[in-house]
Structures are given as structure tokens and as C-alpha cells.
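Just so it is clear: chains get the letters A, B, ... in the order the sequence lines come, proteins before strands, and each one is counted from 1.
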There are 2 protein chains.
Amino acid sequence: MRHEPYPAPHEGSRADCIPWCLGPTRDYAAWAGCVSAAAGDCSIKDGATSIRKLGYSPNPVAQALSSGSTQVIGLIVPDIGNPFWAVYASAIEAAAHLQGLDVLRCSATSDSTAFFLSHLEEMKVRGILLATDLPDEDRAVAKSLSTRLVQLSSHRPLDGTVSIASDLYQGARQATYHLRSLGHARIAFLGDLSGDDPRLAGWSDTLGVSLQAPGLAFQAEFTMRGGLEAMRSILAAPETPTAVFASSDAIAIGALHAIREARLDVPAHISLISLDDSPEAAFALPGITSVRQPVEDMARDAIAALLDEQHLEARLHMYPMTLVQRSSTASPAN
Amino acid sequence: MRHEPYPAPHEGSRADCIPWCLGPTRDYAAWAGCVSAAAGDCSIKDGATSIRKLGYSPNPVAQALSSGSTQVIGLIVPDIGNPFWAVYASAIEAAAHLQGLDVLRCSATSDSTAFFLSHLEEMKVRGILLATDLPDEDRAVAKSLSTRLVQLSSHRPLDGTVSIASDLYQGARQATYHLRSLGHARIAFLGDLSGDDPRLAGWSDTLGVSLQAPGLAFQAEFTMRGGLEAMRSILAAPETPTAVFASSDAIAIGALHAIREARLDVPAHISLISLDDSPEAAFALPGITSVRQPVEDMARDAIAALLDEQHLEARLHMYPMTLVQRSSTASPAN
DNA sequence: GTGAAAGCGCTAACAT
DNA sequence: ATGTTAGCGCTTTCAC
């Protein structure tokens, strides 16, 4: 990769003509009559003409090598089973572009998270946005990272890092409360039962129900298929709930499918509510009442946090969720 | 950013201990007793121990500056109104990771495509995958790119570039033919009427209908909202079609919503078929019969084409689409 | 062969 | 304040 010599400068005119577009600073310097053109935006000898105005823009790779960091951020998101992440990732990309940053997106399972973490560090990214959960054995990897890290999930945040997440506990309470105030008593839960998911806690706290209460809390993967299967087993049980709280829109859509399959109607026979409010919720049939995560706000603030503009405290910052009412919830029939 | 000096090497053991993880080659060279350790993978003096095995991995930024190209590819996709692109982009990322490439994704409207094109070129990406349509005034920009470019849409491919796309014309024929063979005669079209969309051509050719035939072809944006609005206007017209061909799953889901809104049933009153076969089609209610784009194959081959492994001919390569039958299509009632 | 040296195009520390 | 120089950590060429 040898550098093609630029044509000799045109004698006479200066600022009017742009002799070598996109050349390295050296060429501009030579042209201006000095050995090197130190600052990237320095004005050339004869006055106000900065070399950027002459059509120059610096080589980001060289900037990165010299300064030790690129203008790229890494984003590690769960594998896109959940369309919510597609929307969230887009919002993050938009917010990053606004700050002149590019984003390298990695879809990782929790197994491959540690790999991507070190890969992104090697790539010398400006910072990493981590939206997956780290298995215990990988938390050390994250802690020893030299790259700035911001977490995007409320689930077990690493201490010492800023974490941006919506308040899922409060969102779950809101959803469950909405169903209760419509008159529902038997409200099933669909989601993650294995850990200490705040959605599960929100549901059970609002209902005043013990987590061991049988026949109400059902394990579901955060996918449409997960919702489908969980809902099928709910409907197969002897006593059917009058309402269902799904931990995500994807789960809710799967559940809707299962309910329809059983020749039941939403909301006539069963009310359905979920969390996230991704576009899918609005366009399901019927439109699913959902508790919205403020994705754009979180995206903007996560980028700001990575850049450390506000010197945000290194703790979990929770964003309130808001109920978006649609037609999947109604009072129980009898 | 001055380099922290590494601790003096441990005398004695060599290959067994890894004295300075992730240090630059120079350190290894000094350790081995020479001035520079030329090749990144050179084996050190004492034999078979390559420095990579000592825990070294090269700095990609320095590699990029030196070699003139990063191991990153750029991906320009339309703004994610269409969830199809979310799936496609994920497939592309997976295929890229398999080759050791990262991807910089840019969501662009056709207005901002030229900007991203030159931005990615400046970033010294290894190649660019372009999935948006270029307005005429920007085709020159794409042509003069020094970066390798592969197109991902069949719509007006640039000549001189390889273009990977599914055969939308054949897909549209297949869809329309499926409806015809079920006995439908009045089959409406939902999609792009403004250009020379192959989907429109496939539909009209199969039907033997003139494009000017009134009341059958409807303009719809490629979003759920677009489908909703177009379908509403179809249903508002005096004579309702017995089947609808939607140019994308997103359009179809919007259309489904409008049909439901009008208290009509799919497929009892109206059959619905679409293109893409994104996960949404499977989980709509009823499941939407859709003609599948071979997304994984195209993603794999697009990456290979960028790397120029097969020395693919610089033309449009079309991939066959396949019908996936679900429950949104049936014979007309009477 | 194997080892040294000259870039790549910047930034930052350093002289003047 | 200016203008110069020494890296950043590689790849490539060149000399031995």
C-alpha cells in the first residue's frame, strides 16, 4: 500500500482551488510550505483557510492508532429473538450517530458475551454498551476491562459501572395493577421464573401472591414461541386465569396465538397485557395493551454515559415505564 | 497515551510462562533478543514457539493503518420499519462473524445513503453491503468508491457491481399463482406502484392484468401502517377483492389489521399472501402464507462476494423464493 | 533464509 | 505562539 504521489500543486490560486482532496496532512503542509501540519484543524500560513475547508478530513484509523481509541462503540445485545432489541438497537445507533459515533453490534448469547467483550476491547472501541447478562465466571472479565462499559439491563448490574435500565419492577406492578383494577383476580404470569426477575417480583407483590402459589406463574422464553408454548400449558390446566401478564411483547404475541388456537377471544375470555411496547404490540390483533420502555431516552442517555458527559454515578439508573392502553384488556366477563 | 513499560521478562522459563500478555510485537522481539519481530506470527528464536501462542494478538487498528483496510464491513440498510431487515441484518452479522469480520450497521434513508457510503469509505472498511436504493444523483458517488461494494437489492443494480437479491418477480408470480389456483380472480396488489417494482410486474403478468386496470393495484409504504392504510382504502371501494397480495409481511400485517377492523375474516372473506416470510408472518393471526426469501444463503454469499472469494460475476445474482403455506389463504367462499 | 528499517497518517510532547 | 519530532504497532520492503 504505497501512497500515490499527489500532483504538484497549482501555482497561483490557493483557497479557491482544492488541489488534492482527502490527502494526508503532510501534503497540505508541504503545500503551505512547512514540514508538518501539526494540528488537524490548523490554519495554513496565509490566514484563515483551515485545511478542513480545503476538503481535508482526517483518517480515523490513524487517529485511532495515535490516540488509542476509535470513534466506534460496541453494542452487545441478546440474540434477536425479541424484536424489542431490534428497535432498541436502532435507537442506540441513531443516538450514537448524533454524537459522531459508529456502532459495532454483536448479537451474543450469554455464553459468547465474554468473547465479544474482549474482542471489542481489542478493537479499541471508545466504549461498550452491554445488554446481555454475564454468567458469574465472566464478571471478572468485565471488571478488568480497560474500555469504558455501560450496562443496559437492570438484571444484576455489575457494581462500579453505570447501568441504564427501565424500571421493570414498577412496570410489572403497573401492568398487574391495571388488570386488577379492571376486576381480574386470577392473573397468570409468563416469563422468567428461574432468577430474581423484577417483573416476577412486581407481579407477585401487586397480587399479594406467594411465588409458590401453584398454577399461576409460568416459565416462558422471551420469544413468540416461548409465549405460545407457555400459554398452551396454561390453557391445558384445569382452571384458566381471566387475565395474563406477559413479560414481553414477543411472549404476548405467542400467547395470543395460543389463545386463538383454543378458540378463545382476547379480551372477551382472557385479558392480555405485556411489557416493552414494541411496534408488534400495536399491530397485533387485537392491539396489545403494553407498558412502554422509554427506549429513545435510555439510548440517548446510555451514549452520554459512555462518553461520560454527565459524570453519572456508577449505579443502576432506572427509567419509569408508562402504560399504553389498547384493546387486549377489559373487565372479566362474569 | 504513552506506553506503560512492561515488566522485565522472567529469566529462565520461556514458552511455559506468558510474561506480557497482549503487548506489541516489539516487546516480544526485545525479549527474544532482536530489534523487531517482523512477521506477526513469526516464531521466536528458540524454535517452534510462535508469539501468538504466548498470548499475543495483534492490534487491529495498527494492522488497519498499515495495510490500508480494517476487518470491518459496512452495512447500509433501510430504516427498520420493515422487521424483515432486522432479521436479514442479523443473518449478515452472523455470516460476517464467521469470517472474522465485524459489521458497522447504518440505517439510512435513500437521502442519507451517499453520506454513509463516503463515511464508511473514510472509515477504511473492508467492504460495503448496500441494501438501500440510490437516488440517481448519488450513483456517481457509489461508482467512484475505492471500497468494494456489493448490492443487496434487485432494484436498479449499479452496473459493474455484484448484486445479491432474491428473485422478487418470480416470488410475486408464485404468490399470485397460488391465489389463482385456489380460485381467486379479483386479486389486489399492495406495494410500490411508483417505480418498476418486480413484485408489481410479477403480479400483473401472472394475472394478465394491465397495470392501468383500476381498483386493483394500491400504493402502500413498506410498513405495517402502510398496509393498514392501503387496505382500508381497498375495503372502502365498492367492489372488494377476494384476495390480496402484499409486497411484504409488514404490509400484510397492517392489511390484516384493517380487514379485522372491518369485521371480515381471513381467509373466509379475503385471502392474504405476502413476501419475505419474516417471523412476524408465522406469528400473525392467522399465520400468513408467505413466499420466503433465502436470507441466510444470501447473507453468506454476500459476505463471500465482498471478500471476492468466488470471483463472482459483476451482475445481479437472483435467489429463488419458496412458498411457505399457512392459514391466511383459502378458496373464495362462493 | 533471517533481521533491520521505512513507512501508514495521525496526536502529543517537545523545541524554538 | 509557532513549527518540529517522536511515537502509536503494525506490514512491507529491503539489506544481509
Side-chain angles (χ1 to χ4, degrees), chain A residues 1-6 19-52 54-72 100 102 119 121-126 146-147, chain B residues 1-6 19-52 54-72 100 102 119 121-126 146-147:
Chain A
M1 254 269 322
R2 193 145 298 275
H3 199 66
E4 196 70 15
Y6 290 92
W20 328 280
C21 280
L22 298 175
T25 48
R26 192 185 357 282
D27 297 337
Y28 291 89
W31 176 57
C34 41
V35 176
S36 76
D41 202 16
C42 78
S43 45
I44 285 181
K45 279 192 167 175
D46 64 356
T49 2
S50 96
I51 60 175
R52 294 194 110 99
L54 289 176
Y56 163 80
S57 66
N59 177 333
V61 177
Q63 284 182 309
L65 180 59
S66 184
S67 71
S69 161
T70 57
Q71 293 298 86
V72 173
D102 284 302
H119 175 68
E121 180 177 34
E122 271 185 5
M123 291 290 288
K124 299 279 187 298
V125 295
R126 176 84 176 272
S146 65
T147 310
Chain B
M1 258 269 318
R2 193 144 299 271
H3 199 65
E4 195 72 14
Y6 291 92
W20 328 278
C21 281
L22 299 176
T25 47
R26 190 181 1 278
D27 297 337
Y28 290 89
W31 176 58
C34 41
V35 177
S36 76
D41 201 17
C42 78
S43 46
I44 284 179
K45 278 193 170 173
D46 64 355
T49 3
S50 94
I51 60 175
R52 296 194 106 101
L54 288 175
Y56 163 79
S57 66
N59 177 332
V61 177
Q63 284 182 307
L65 180 59
S66 184
S67 71
S69 163
T70 57
Q71 293 298 84
V72 173
D102 286 303
H119 175 69
E121 181 176 35
E122 270 184 8
M123 291 290 286
K124 298 280 185 297
V125 295
R126 177 84 175 272
S146 65
T147 311

Check: Between B:Q63 (CD) and C:dG9 (P), how many Å, whole number?
Finding: 17 Å
Next item on the list: Ignoring the backbone of B:Y56, work out which of D:dC10, D:dC8, C:dC8 is nearest its side chain.
Entry: D:dC10
Next item on the list: Please confirm whether the backbone N or O of A:S146 pairs with a side-chain atom of A:E121, one donor and one acceptor, at under 3.5 Å?
Entry: yes
Checklist line | Atom-to-atom span, CE of B:M123 to C1' of C:dG9 - whole angstrom | finding: 15 Å
Next item on the list: Write down the atom of A:M123, the atom of B:D102, and the distance for their closest heavy-atom approach.
Entry: CE-OD2, 3.6 Å
Checklist line | Donor-acceptor contact below 3.5 Å, side chain A:T70 vs main chain A:K124 | finding: yes
Item checked: Atom-pair distance (NZ on B:K124; C1' on D:dC10), nearest Å -> 16 Å
Next item on the list: Would you name the heavy atoms of B:L65 and A:A62 that are closest together and state the gap between them?
Entry: CD1-CB, 3.7 Å
Note to self: Measure CG/A:N59 against C1'/C:dG7 and give the value in whole Å, please.
What the structure shows: 14 Å
Margin query: How many whole angstroms separate atom CG of B:L65 from atom P of C:dC10?
Written below: 9 Å
Notebook entry, point to check: Nearest to the side chain of A:A62, which nucleotide is it out of D:dC10, C:dC10, D:dT11?
Noted result: C:dC10
